[in-house]
Structure formats: C-alpha cells, structure tokens
Protein chains: 2
Amino acid sequence: MINPSSVPVRQSSIRAHNLALLLNTVANSADPPSRAALATVTGLTRATVSALVDDLIAGGLLTELDPPPRTGAGRPAAGLALTAAGPAGLGCEINVDYLAACVVDLTGAVRQRFTEHADQRPAAAPDALAALGRLAARARLAAEAEGLVVAGMALAVPGLVSPAGLVRVAPNLGWQDVDAPALLRGVPEIADLPVVVDNEANLAALGELRVAGAEATFLYVSGEIGIGAGLVIDGELYRGVRGWSGEIGHLTVYPDGRPCRCGSRGCLEQYAGQEALTADEPLAAAALGIALSAAVNLLDVPMIVLGGAYALHFERLRAGIETELRRRVLTAGLAPVTLRAARLGTDAAVRGAADSVIRGVRDDPAGWLRRAG
Amino acid sequence: MINPSSVPVRQSSIRAHNLALLLNTVANSADPPSRAALATVTGLTRATVSALVDDLIAGGLLTELDPPPRTGAGRPAAGLALTAAGPAGLGCEINVDYLAACVVDLTGAVRQRFTEHADQRPAAAPDALAALGRLAARARLAAEAEGLVVAGMALAVPGLVSPAGLVRVAPNLGWQDVDAPALLRGVPEIADLPVVVDNEANLAALGELRVAGAEATFLYVSGEIGIGAGLVIDGELYRGVRGWSGEIGHLTVYPDGRPCRCGSRGCLEQYAGQEALTADEPLAAAALGIALSAAVNLLDVPMIVLGGAYALHFERLRAGIETELRRRVLTAGLAPVTLRAARLGTDAAVRGAADSVIRGVRDDPAGWLRRAG
DNA sequence: GCCAAATAATTCAACCAATAAACAAATCGA
DNA sequence: TCGATTTGTTTATTGGTTGAATTATTTGGC
C-alpha cells in the first residue's frame, strides 16, 4: 500500500511503513497489546517497537493505558490503545431525501452525528452542497469542542465520481459534472479540509468493512433509489480504473426485458429497484440472485452483504436469492457463498466516509506526525 | 507486491525492493538505459544505482552492452539490458487436444517450443501429466544446452485450480481433484523445479500482458472448449479469493434459456461456446456482448481482449459485441470500451505460463541472487 | 522480609542501506 | 591540448533496525 512498486524505497519509507504496521496492529487487536506483544506479533524487535511507539505516543496517535492489566509474574505490561482525542474523520452524505454528517475518531467511535431530512431533488447542486457544508461545519465545531482534530473530509454521493472528485452523473439528484470539492470549499469553516468524493456504495462498503473485520473480502450491494455495489478485497476497496466499478444496477438480467432509463433493457434496477421491492414484486429476489451470481462467477467473492433497502427486506429476499446462487454459481458446490444483511443499515455510507479519512491517517501515520509536528 | 503491508520491513527488504525496481525498469525501457538514466527515472542516486546494478550484473541478471551508443559530449553511457543467458521460465499447457511446453528467457524471448497433438480426454490424469512432464523435460534439456537456467515451471490447465495447485475440476479433461504438482514430480528430470498450476485463461491473460505493456488493465476472454476469463489490473493478475475468478462461461445470459451441463440455464457457454461459434450461430456475438457488458459494469475495465477461438472469429463477432456494449454499459457514453483480438493466438497460455515464472524472478531478484550465490 | 525468577521496557554499540559530495574516467568541441 | 560535459565510482555521513546487555517492576518461595 505504501509502495506502488514503481517507486524507490529509502530509509524513511521503511520507518513510515513500520509505523503504519504498528498502528494498524494496535487497531486490529482485541485487547490493548503491550510493546512486547507488538514485537512478537509483527516480527519487529522490542527495541524498534519501543522507539516507534514512543513516536506514535508523542504524536497523539497512541495512548498508554493507566491501569496495567496484571497477570502472572514479571513486570506488568503497559497496554497500548488508539487515542480517542486525536485525529478524526468527517464523513458526509448527500442523498435524495436527506443530508448527513458524522465524525468518527481514531478508535472508530462515532462522536458526532447530524442529519437533515429534506428532498434534495428540487435544489440545485450548489445550494444542496452549501447546506451540506453548513451541516459539516456544525459537526466539525462540535467535534473540536471535544478535543478532536478533524483530519479531512469524505463525501458520499449516489453517482459516478471521477478520481479528481468531479461528480460526472448522479441521476437521482439530477446532477451532471458537479465539482463538489470546489462547492464545499465555499463554506469557510471547512474550506481548509482536504475533501475526497466517492460513490455511496463504495463508502458504505468501507463502513461495513469496519464491522466485518480488517481482512474481509465481500461485495456490498446497496439498494437505495439506485442500486450500487462496492467490492472489498482483503480489506481494500477496489474502485476500478476510472472509479466506476460496481454499477450492478445496470447489469442485464433479462436481455429483452423492460426498458430502462439508461437506454438499455432488462437492467437489474427495473426488477429489484426500490419500487419493485416495496410493491412486493416476486421477481426482485430472482433478479438479484441472477445478478449476484454473475458477480460471484466473475470475481470469486465468498460473501455478499446486502445493504440499504435490501437490509430491511433481507429475510423476505434471502431464500429467492440463495436459490439462484446455488443454481448459477459454478463453484457453489465447492464452497458456499455467504449472504448476509448489512449491520450498519442506512448509516453505512456516512460512517464509511468518515472511516475512510481515519483509514488514511492509520495507513500513513508518518504523514500525520509530520503535519502535527 | 513485496510488502503485503502486514509484514515488517527491514533494511534487506528495501534493497530487495530497489533491485526489483531497477530490473523492471530496465525490462520496461525501450532502449538499453545507462546507470545514470536509471537513477533519474527511478529517483535513486547514481551511487545507489551503481551498487545495485553491480549486484545484478554479478548475479547474471543484467549485462553491460559492449558498444556504447555514443551521443553528444561527456563520457559515453554503458547500456544495460537483461541477460538472454540467465534464468528462464518453463511454461506448460495441457488442453483437450494438445500438450505444449515452452521456455522463455529473461528478456521475454521464446527459446524453446514443443507441442504434441493428441486427444487427452481418453487418457487418465497421471498418464497425461507424465506425457506432459516428458515434454517439459525435453524443453528444459534443450534450453539448458543453450546456457539457460530454468528457474521454475508453471502449468496451464482448463479448470478450477486451488491456490495449492490442486486441480479441483477440469470438466473438459474429465479431471477431478488431481494433484498436478505431485504427478509432474514423477518425471525425474524436472522433479527439482518449483511448480505452479493455474487456470488457462489466467495465464493466457498474463501472456497478453507481456504484449500489452507493463501497466495495462484489461479482461482477457478465452474461447476454448470452455470459456474463461483472466482479469489484469494495472499489470497484476487478479485471481479471486480462492483462485476461481473469471468463470464467465457460466454467467447467465438468458435466465430461462438452454440448460447447461453445470446444472444452470442460459449460461454464456451455451450460446458462445466453440460449437455455437463454428456453427455460425447468430446469437454468439450478442450473448458475448451481454456477458461482457456485465463484466464492464461491475469492474470498470477499459479494455477487453478476445483470445482463443474468439481471436480467430474476431472480425465477424466485433460489431455484434460492440452493439451490446454500447447499449448495456452504463458508462459507455463517458468513456468507450476498447475491444481487440488477442495477439498471441493459441500460444497465449503457454507463453503466459513461462512468463509467470520469469515474472517471479523479475519481481524478486534478491531471492534469485541468494539462490544463485 | 528478602531474594530468585520472570517478564517488560530501554540503552547502546554494531550493522546495513541509501545519500551527498567530491573525484576519476571518457568523450566532444574549439 | 584544454576546458566543458556527462558517466560512473569512492568516501564519509545519516537514518533506521538489530542484538545483547541493562534496568525496571512484579510474583512467589523460603
């Protein structure tokens, strides 16, 4: 992750890598580990761990826990944990019927949470983003009053986003080529924050990843007004070459089926969209099952997580989907595909957005230490 | 690639990384670069480059070219190139109607090539693999007579392969749970070689990668008796969690269509398999187009390479496939999907197999230097 | 109540790899 | 033949990890 393999490695990179290794090891440990435990589990020496941990403590990323959990003979170990009062991530979401902002600290705890329900469709993009910016500013202010330092901001959008953060199309918002980062910078209280924009399903997948465990591999499918998917492989989000992967809503399910507003025919969205779902249409589960089978045959993902509206209707959909998976996935007989409902519900995208920011800090603590001085 | 990010980094790893960086930079350069040119392009110092290059030359991976291509003032630069007489990769392929083995040197040149045409279906797996082993032994012998050192062996199989090299199912060969590496070790002349087994489409994709350029992203689709696909992202092959990705042949195209031997209905293989193709069936192109659209919608791949029998019939299939891609790929209007025929034809898999071995050497020259002493 | 055993964390000399800057080598142009 | 120019090497320095020895802090036995 630090080394895209086409880049030279100097001594400082190895320090940066090992700092990230330690920070992530602490983050993924069940109990607060000691320096010695970190040494054995990472393979670094105790001396090295001590030196690096000192830096992380000085930089406010790790804290030494006061009450040493004593056991057996020997000097008691000092437990290490992520600091709750340190860098934090600001996550935002704009969707058809609400705006949301939340702040997550380094430990992953949600510290602030603001929502504003209102139909965004009549609003022009600049107005909607200004309103969202104000909501984000409130969240930031409240978080910083608690001693947090917001390290950056991520925005979830139901549409296609280019790597630069330009929203190319967001059909359900009626957006086209909206420069979201620039518009958000119009709100002075958050103008200094680095902004990342990403697809709603991608960020929701990251949100579920936090719950699923660090190394998980799964396909997250979100049934909002549109249907999107986020693919997580070994704990990393796969975005595709241009950031447009996961457009499962327009996967063809019935080649000569109903016409879709995208110009094609028989898209999944026509059979398993929110209207079909609430109308209790019998085709929804089968159509989803067919589309998901395609994904599994292509990608060999062992788990599918259903989010958004699908999470609400999970029990009703389950059997129908699983029938198709059993029939249509070639390797179903060799290893089963796990199907489960999302655990975060409609919060997944905002949570994932905030999470993606602190993920950035956890993966490059050296950068944070440099900036924080 | 060297750093799975959950592993500590020591000084030796940074040397290993930079050795690989230099070797790959030489490999991907159009003209033989000088040490100074390597320094500027990689970002390392001239001193560091010199030291590392000395090691690579001593280890027989690089050669200094005799006639310095002189230009302008200053001391003339000594060009560096991969050695043709060094480590080599042995690639093998077993398919329904032939066996093949080939040896590729570090520069990517094919140095030996053996084929044996015979229907493998009546043969039991041990017999077929013994025959293949003998063919491989001949190729190795001939290569070593030319001064090459075979570093390892890779085998392409038309079936599902587990990471350990076990062939779980190869329907067209009638194989099930065949321990190919163990059976190949039965041939004494190649028993010492490390063996890797992989799916035919995956390795063919690697073969095409060599031709496509180092950083390419594409989906390779092979129309053999079965239909498989190999996904290459930024020059890396994606194998899926269990190595079973790319089973595009059993993607559902027509949900209530023809029954397939896999137990499902309407699989791509029923409409675009080799029989359909040679029978000049009109559905082949449309079915392919529908399946490929699914892949592009899910994965956002900018290029599709058609191999095997599809390469032969490319011109006839092209228009029909492109029509479906235009209709069914959501982002087709934002950025086109390139469709082209494979350049290596039926050789892709063996070539890719041999290539995967030397790719291993190029990505870990430090390991090779250690072994070679 | 004191000492040995055990475990945690730190200190310090050694080592390894890259860097920067000076230096040597080889060529061109005047 | 001499300066300019570019390539490649040498050498002292720096940054980072290692390994062994050392210090710190606890438990348990006598």
Side-chain angles (χ1 to χ4, degrees), chain A residues 2-3 7-22 26 31-58 62-80 365-366 369-370, chain B residues 2-3 7-22 26 31-58 62-80 365-366 369-370:
Chain A
I2 289 185
N3 297 325
V7 123
V9 171
R10 32 199 103 262
Q11 283 95 323
S12 62
S13 350
I14 130 174
R15 182 157 243 268
H17 176 102
N18 285 338
L19 282 169
L21 174 63
L22 287 177
V26 173
D31 299 315
S34 67
R35 292 167 174 78
L38 284 177
T40 57
V41 77
T42 60
L44 295 166
T45 15
R46 293 209 306 273
T48 307
V49 170
S50 270
L52 294 174
V53 162
D54 283 353
D55 274 17
L56 291 172
I57 290 178
L62 285 184
T63 352
E64 210 161 12
L65 297 182
D66 282 337
R70 65 189 56 182
T71 161
R75 171 174 171 176
L80 296 167
L369 296 181
R370 246 195 325 276
Chain B
I2 288 186
N3 297 326
V7 122
V9 170
R10 32 198 103 263
Q11 283 95 324
S12 60
S13 350
I14 131 174
R15 192 179 179 78
H17 175 102
N18 285 337
L19 283 169
L21 174 63
L22 288 176
V26 172
D31 299 314
S34 66
R35 292 168 174 78
L38 285 177
T40 57
V41 77
T42 60
L44 294 166
T45 357
R46 292 209 308 273
T48 308
V49 170
S50 270
L52 294 173
V53 162
D54 283 352
D55 274 16
L56 291 171
I57 290 178
L62 286 184
T63 354
E64 209 162 12
L65 297 183
D66 282 336
R70 67 188 55 182
T71 162
R75 173 175 172 174
L80 296 168
L369 296 182
R370 247 195 324 276

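A, B, ... follow the sequence lines: proteins, then strands. Residue 1 opens every chain.
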Quickly work out the [X] [atom1] to [N] [atom2] distance and round it to whole Å.
| X | N | atom1 | atom2 | answer |
| --- | --- | --- | --- | --- |
| B:Arg10 | C:dA18 | CZ | P | 16 Å |
| B:Leu21 | C:dA17 | CG | P | 16 Å |
| A:Leu44 | C:dA9 | CG | C1' | 15 Å |
| B:Leu22 | C:dA18 | CG | C1' | 12 Å |
| A:Ile14 | C:dT19 | CD1 | P | 13 Å |
| B:Asn18 | C:dC16 | CG | C1' | 13 Å |

Pairing residues for [X] by the side-chain hydrogen bond (donor to acceptor under 3.5 Å, both in side chains) criterion, not counting sequence neighbours:
| X | value |
| --- | --- |
| B:Asp55 | B:Arg15 |
| A:Arg10 | none |
| B:Thr45 | B:Thr48 |
| B:Glu64 | B:Arg35 |

For A:Ile14, the side-chain contact (heavy atoms from CB on, under 4.5 Å) test, sequence neighbours excluded, returns A:Asn18, B:Val9, B:Ile14
Examine D:dT17: is either OP1 or OP2 under 4.0 Å from a nitrogen or oxygen in the side chain of A:Thr48? Give yes or no. no
What string of B, S and - do you get for nucleotides 5-15 of chain D, 5' to 3', when a contact is any protein heavy atom under 4.0 Å? BBBBBB----B
Between CG on residue A:Leu56 and CG on residue A:Leu80, distance to nearest 0.5 Å: 9.0 Å
